[in-house]
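Structure, as structure tokens:
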Amino acid sequence: GGIPPLFHAIGREEYFLIVNEKWQPINEEVLAIIGDQLSMSGKEIVWNDWRILKVNTSDLAAMASTKKLQEQLTAFESGMTICAIGTSSPE
């Protein structure tokens, strides 16, 4: 729906809407790290009653890539198989 994801800061009773450098929602960029505890930096903006965290999308991409690598290593070490489910279109 285009609503930006929220970031909850531990130790603070505040939630931040997360946007990219162009003030756009970053829904796709955070899919791989939703629900994870992570350290995030950015510019904090307060607008009316809203708290907004403007982040660098390359930092988010690096976090998602690191998480994927960790999952692959864990699967390799444990002997598990990772399957990616996707759709294919007829040629």
Side-chain angles (χ1 to χ4, degrees):
I3 298 171
L6 289 175
F7 177 75
H8 177 247
I10 294 176
R12 295 171 68 174
E13 292 300 319
E14 299 167 332
Y15 291 85
F16 296 84
L17 294 173
I18 308 171
V19 297
N20 67 13
E21 303 88 349
K22 296 179 182 180
W23 296 93
Q24 299 167 328
I26 54 169
N27 299 351
E28 294 296 320
E29 291 87 338
V30 298
L31 286 177
I33 54 175
I34 287 176
D36 292 350
Q37 282 193 358
L38 49 92
S39 178
M40 188 178 292
S41 63
K43 182 174 181 176
E44 181 180 344
I45 296 107
V46 178
W47 180 63
N48 292 329
D49 290 337
W50 294 95
R51 294 198 176 280
I52 302 168
L53 188 62
K54 186 175 164 186
V55 300
N56 185 329
T57 52
S58 62
D59 292 343
L60 294 175
M63 282 187 255
S65 177
T66 299
K67 179 182 177 185
K68 184 174 184 175
L69 178 60
Q70 288 172 340
E71 289 173 346
Q72 290 171 337
L73 289 173
T74 300
F76 178 75
E77 289 173 348
S78 66
M80 294 174 30
T81 303
I82 296 178
C83 298
I85 298 174
T87 59
S88 60
S89 58
E91 294 181 24

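Keep in mind that the numbers below use all heavy atoms, side chains included, and drop hydrogens, waters and symmetry copies. Positions are given from 1, in the same order as the sequence printed here.
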Quiz item: Is there a chain of hydrophobic side chains (I, L, V, M, F, W, Y, each step under 4.5 Å between heavy atoms) that links L17 to W23?
Solution: yes
Exercise. Report whether W47 and L6 are members of the same hydrophobic cluster (ILVMFWY, side-chain heavy atoms less than 4.5 Å apart, transitive linking).
Key: yes
Quiz item: What do the steps show when you test E21 against N56 for side chain to side chain contact (heavy atoms under 4.5 Å, CB included), and what is the final call?
Solution: CA-CA 6 Å; E21 303 88 349; N56 185 329; 3.2 Å; yes
Donor-acceptor list for residues 48-55 side chains, cut-off 3.5 Å, not counting sequence neighbours:
| residue | atom | partner | partner atom | Å |
| --- | --- | --- | --- | --- |
| R51 | NE | E14 | OE2 | 3.1 |
| R51 | NH1 | E44 | OE2 | 3.2 |
| R51 | NH2 | E14 | OE2 | 3.2 |

